[in-house]
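In what follows, chains carry the letters A, B, and so on, assigned in the order in which the sequence lines appear, proteins first and then strands, with residues in each chain numbered from 1.
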Amino acid sequence: MAPRAVGPGFHAKVFAMVKRVPPGRITTYGDVATALGSPRVARHVGWALASLTDRDVPWHRVINAQARISFKGDSVRGELQRQLLEAEGVKFDTRDRVDMKALRYRFHDLIHSDTETLDV
DNA sequence: GGTTTGACCATAA
DNA sequence: CTTATGGCCAAAC
């Protein structure tokens, strides 16, 4: 694949949004997508990051709603992401899960917190 | 310009 | 808990 080196449009928003995430914090694709205006574009968020390679975008701070690292096929990226997060102080659970409730970074109050998943 | 795909999410079983 | 299915939308082919 040969992605463009310039801002493809939607990706630009994703990149800018991910750049907002402070170190030691994590966020989910859905949150980024919601912050962009539509929670349905969650797939594009990850897909946009897929085009990333060496940029100022902390893609490793973006995980899925399951509080786990998502990767389809190449597990190498997942291991790398885990190392990058650990380097920032993010601790992983025994099942490779992070404390989303505490580390989840919210871009704005635009996200509905109606459904609170009470687990554990 | 139609088809395929994809680092997802929510819901159901 | 895990697995399966549908949906959603932009970019790549």
Side-chain angles (χ1 to χ4, degrees):
Chain A
M1 297 90 148
R4 295 187 176 180
V6 296
F10 199 93
H11 294 188
K13 294 183 181 179
V14 178
F15 299 145
M17 193 61 69
V18 176
K19 285 180 185 174
R20 284 192 183 185
V21 182
R25 278 294 206 33
I26 58 96
T27 184
T28 68
Y29 301 96
D31 284 2
V32 176
T34 304
L36 291 177
S38 299
R40 283 112 165 139
V41 296
R43 304 180 97 176
H44 309 102
V45 176
W47 188 63
L49 298 177
S51 190
L52 281 175
T53 47
D54 36 14
R55 212 177 275 251
D56 303 302
V57 182
W59 59 270
H60 53 270
R61 291 178 196 154
V62 184
I63 61 179
N64 60 1
Q66 301 178 4
R68 279 199 255 174
I69 302 176
S70 300
F71 51 90
K72 206 178 201 179
D74 294 335
S75 56
V76 181
R77 179 177 294 129
E79 306 223 358
L80 174 62
Q81 182 169 8
R82 175 170 175 170
Q83 292 180 15
L84 290 171
L85 288 175
E86 287 181 336
E88 294 187 349
V90 178
K91 305 301 182 182
F92 279 82
D93 198 327
T94 314
R95 301 178 35 223
D96 298 318
R97 293 209 298 188
V98 301
D99 191 350
M100 187 193 303
K101 300 182 123 209
L103 298 177
R104 187 179 189 190
Y105 170 76
R106 299 186 177 176
F107 301 97
H108 248 267
D109 301 338
L110 304 176
I111 307 176
H112 305 141
S113 301
D114 295 330
T115 54
E116 295 199 41
T117 51
L118 187 63
D119 197 284
V120 179

Given that both pair distances must be under 3.5 Å and the pair must be Watson-Crick or G-U, what runs of three or more consecutive pairs involve DNA chain C?
B:2-6 with C:9-13, B:8-13 with C:2-7
Approximate separation, where rounding is to 0.5 Å, of [X] [atom1] and [Y] [atom2]:
| X | Y | atom1 | atom2 | value |
| --- | --- | --- | --- | --- |
| T28(A) | R106(A) | OG1 | CZ | 10.0 Å |
| Q81(A) | Q83(A) | CD | CD | 11.0 Å |
| I69(A) | E79(A) | CD1 | CD | 9.0 Å |
| I63(A) | R97(A) | CD1 | CZ | 10.0 Å |
| T34(A) | M17(A) | OG1 | CE | 10.0 Å |

Most 5' of W47(A) and I63(A) on DNA chain B, judged by nearest nucleotide:
W47(A)
Considering only [options], which nucleotide approaches the side chain of [X] most closely?
| X | options | result |
| --- | --- | --- |
| Q81(A) | dA10(B), dA7(B), dT2(C) | dA7(B) |
| Y29(A) | dC9(B), dC8(C), dA11(C) | dC9(B) |
| R43(A) | dA10(B), dA7(B), dG6(B) | dG6(B) |

Given the options D31(A), T27(A), D99(A), R104(A) meets side chain to side chain donor-acceptor pair (under 3.5 Å) only with D31(A)
How would you label the contact of A50(A) with the nucleic acid (heavy atoms, under 4.0 Å): base, sugar-phosphate, or nothing?
base
How long is the line joining [atom1] of [X] and [atom2] of [N], in whole Å?
| X | N | atom1 | atom2 | value |
| --- | --- | --- | --- | --- |
| R97(A) | dT2(C) | CZ | C1' | 12 Å |
| R40(A) | dG6(C) | CZ | P | 18 Å |
| H60(A) | dA7(B) | NE2 | P | 19 Å |
| N64(A) | dG6(B) | CG | P | 17 Å |
| R95(A) | dC1(C) | CZ | C1' | 7 Å |
| D31(A) | dC9(B) | CG | P | 9 Å |
| I69(A) | dC8(B) | CD1 | C1' | 15 Å |
| L36(A) | dA11(C) | CG | P | 12 Å |

What I want to find out is whether D96(A) reaches R82(A) closely enough, with some N-O distance under 4.0 Å, to be called a salt bridge.
yes
